[in-house]
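Here is the structure we will look at.
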Amino acid sequence: AQRVTQPEKLLSVFKGAPVELKCNYSYSGSPELFWYVQYSRQRLQLLLRHISRESIKGFTADLNKGETSFHLKKPFAQEEDSAMYYCALRYTGNQFYFGTGTSLTVIP
Amino acid sequence: SAVISQKPSRDICQRGTSLTIQCQVDSQVTMMFWYRQQPGQSLTLIATANQGSEATYESGFVIDKFPISRPNLTFSTLTVSNMSPEDSSIYLCSGYGTENTEAFFGQGTRLTVV
């Protein structure tokens with residue numbers, strides 16, 4: 001069965017410090033992974049997806065099939081990065097399986 | 001990406017009653033889904049809303065409790081029936097366009113059952 005694990009429910013970093021939000025997955029097929037973000041009082045929205053290999057708002061994420069990980073990284077955290085982050089796996093039928101989320105707080 | 005309008009945004013309901021949540025997409029989408037997000041937990045898929053036919057429910061969710069309609073490619077409803085306090089949650093609808101687009105979400109409906 002597919003599974004997405006985000007081990008940290010809460011993560012606090014100081015402004016300007018590097019940040020890494022961890023995500024591990026379990027899936028027997030070819031994985032397609034995403035990071036979604038939910039800012040306070042806003043809807044859930046896509047941050048980035050692994051197939052695009054892009055950097056959005058300074059965030060990057062590399063799919064590591066050997067370690068079955070898709071960690072989200074940013075070298076210098078900003079206050080506006082404070083939000084809830086969800087790692088998600090798209091599987092057969094185009095359904096998404098979401099991790100439990102990590103609440104990131106960037107301390108000024 | 002498309003925009004989903006979901007309503008109501010929140011409601012407080014008496015136990016034993018039913019609430020219907022609506023989602024309207026501003027363009028045609030291939031697939032629509034309904035999720036539940038209970039306090040402190042992640043999103044759990046309730047069902048896939050199929051256009052013109054019965055929804056496909058995930059394990060633990062049944063049509064009698066969560067009837068879903070999808071009369072066309074831009075609109076879907078989820079009804080939470082015979083509510084109990086355990087149904088208090090955020091309900092989200094989601095749309096998915098083509099193979100290479102991401103899923104996008106409505107604003108969510110925060111339901112409190114008293």
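Computed from heavy atoms alone, side chains included, the values below leave out hydrogens, waters and symmetry copies. Just so we're on the same page: letters track the sequence lines, and every chain starts at 1. The structure displayed is predicted, hence computed values, not measured ones.
Annotation: the span from A:Tyr97 atom OH to B:Leu43 atom CG amounts to 11.0 Å, rounded to 0.5 Å. Atom CD1 of residue B:Ile4 and atom CZ of residue A:Arg43 lie 7.5 Å apart, to the nearest 0.5 angstrom.
Grouping the Ile, Leu, Val, Met, Phe, Trp and Tyr side chains by contacts below 4.5 angstrom, directly or via other members, places A:Tyr36 with A:Leu11. Residue B:Tyr35 is not grouped with residue B:Ile68 when hydrophobic side chains (ILVMFWY) are merged at heavy-atom distances under 4.5 angstrom, including chains of intermediate members. Each of B:Met31 and B:Leu73 belongs to its own hydrophobic cluster when Ile, Leu, Val, Met, Phe, Trp and Tyr are linked at side-chain heavy-atom distances under 4.5 angstrom. No continuous path of ILVMFWY side-chain contacts below 4.5 Å connects B:Phe61 to B:Leu92, so the two sit in separate hydrophobic clusters.
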Please walk me through it: do A:Phe34 and B:Tyr96 pass ring pair (Phe, Tyr, Trp, His ring centres under 6.0 Å)?
-> CA-CA 14 Å; A:Phe34 302 77; B:Tyr96 196 86; 7.8 Å; no
Before giving the answer on side-chain contact (heavy atoms from CB on, under 4.5 Å), spell out for B:Gln37 and A:Leu44 the whole-Å C-alpha distance, their side-chain angles and the decisive distance to 0.1 Å.
-> CA-CA 12 Å; B:Gln37 186 175 25; A:Leu44 199 61; over 6 Å; no
Carefully, step by step, assess A:Leu46 and B:Phe104 under the rule side-chain contact (heavy atoms from CB on, under 4.5 Å).
-> CA-CA 7 Å; A:Leu46 177 70; B:Phe104 44 93; over 6 Å; no
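Aromatic rings of A:Phe96 and B:Phe33 (six-membered ring for Trp) have centroids beyond the 6.0 Å cut-off, not under it.
Residue B:Gln6 does not touch chain A at all, counting heavy-atom pairs closer than 4.5 Å.
A 4.5 Å side-chain heavy-atom check between B:Ser42 and A:Tyr86 finds at least one atom pair inside the cut-off.
No more than 12 heavy atoms of other residues, nucleotides or ligands sit less than 6.0 Å from atom NZ of A:Lys73. Applying the 6.0 Å contact sphere to OH of A:Tyr39 captures more than 12 heavy atoms from other residues, nucleotides or ligands. B:Ile63 CD1: more than 12 foreign heavy atoms inside a 6.0 Å radius.
Using modelled atom types, no side-chain atom of A:Arg90 and backbone atom of B:Ala103 make a donor-acceptor pair closer than 3.5 Å.
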